[in-house]
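A short worksheet on the structure shown next.
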Amino acid sequence: MEKLEQLYEGKAKRVFATNDPELLIVDYKDDATAFNGLKKGTISGKGVINNQMSNRLMQKLEKAGIPTHFVRELSERETLVKRVAIVPLEVIVRNIAAGSFSKRYGMEEGVVFEQPTIEFSYKNDALGDPLLNTLHARALGLATDTEIEQIKCYAFRINEILKAFWAECGVTLVDFKLEFGRLPDGTIVLADEISPDTCRLWDTKTHEKLDKDRFRRDLGGVEDAYAEIMKRLVEHDAT
Ligand code: TMP
């Protein structure tokens, strides 16, 4: 599959056209940003890990009946995906209070919710990805009621699947962000990535952070954390 012109460059990935109008190539970079691009850095080897981790997780989700954009891994950093129109919503599922939830609502990080919770933000860098509710999403014309219901249903199912998988790796899935897209026929599929950039993953025993919070919060050991979480996944899949 040939890489044609670059269609888009995001903070962590580049997207290229291919000779098939329905397929794109995603190329993962080592660049890392936080706080809507205010903090910039590099996490050496991140692109390889995020590409491979996201692909493995998406394949597990596909097996469990969740449609995704994944087609085929092309190289360490490149993956062939279905072209979708991204629904401009960041879908955040949380099992444990952390990050912006803790800050916004004054709940200590680490409090386990009785039930998982979900929130949406408007995927719009210029506005700083503001939090919104589903009625706002409808008013802004970002998605239909049916699409929002479908997305919510997938998001909670994905949480159950990933939570159970990571538990087997000795990892607690604290929260994560998903993005969905529409195929040309309107079908909603999971898109973007699932990686330590987009999930909070804590060692179940020690609560050590094995995700991008190490970069966001200057905790050190960023590369080691990415390598460790990938190792847990690979070792799990090998057994
Ligand atoms: P938050 O607590 O900062 O809102 O983050 C919730 C989850 O979403 C966390 O796992 C990190 C992920 N996330 C992204 O993937 N992209 C983003 O731009 C932000 C702010 C969070």
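Values reported hereafter were calculated over all heavy atoms of this structure, with side chains retained and with hydrogens, waters and symmetry mates removed. First listed ligand is number 1; within each ligand, the first listed atom is number 1. Given the structure is predicted, the values throughout are model-derived calculations rather than measurements.
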Measure the spacing between [atom1] of [X] and [atom2] of [Y] and express it to the nearest 0.5 Å.
{"X": "Asn50", "Y": "Ile194", "atom1": "CG", "atom2": "CD1", "answer": "11.5 Å"}
{"X": "Tyr28", "Y": "Lys13", "atom1": "OH", "atom2": "NZ", "answer": "5.0 Å"}
{"X": "Asp211", "Y": "Asp213", "atom1": "CG", "atom2": "CG", "answer": "5.0 Å"}

Quiz item: Using a threshold of 4.0 angstrom between heavy atoms of the protein and any atom of ligand 1, which residues qualify?
Solution: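 Lining ligand 1 at under 4.0 Å, by heavy atoms, one finds Ile92, Arg94, Ala98, Gly99, Ser100, Asp175, Phe176, Lys177, Asp197, Thr198, Cys199, Arg200, Arg216.
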Exercise. Output all residues satisfying side-chain hydrogen bond (donor to acceptor under 3.5 Å, both in side chains) with Arg14, sequence neighbours left out; order by chain, then residue number.
Key: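 By the side-chain hydrogen bond (donor to acceptor under 3.5 Å, both in side chains) rule, Arg14 matches Glu9.
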Quiz item: How would you list all residue pairs meeting side chain to side chain donor-acceptor pair (under 3.5 Å) that involve residues 79-91, not counting sequence neighbours?
Solution: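 Residue pairs passing side chain to side chain donor-acceptor pair (under 3.5 Å), neighbours aside: Asn51-Thr79, Asn55-Thr79.
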Quiz item: Under the ring pair (Phe, Tyr, Trp, His ring centres under 6.0 Å) test, which residues partner His236, sequence neighbours left out?
Solution: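 In terms of ring pair (Phe, Tyr, Trp, His ring centres under 6.0 Å), with neighbours along the sequence ignored, His236 is linked to Phe165.
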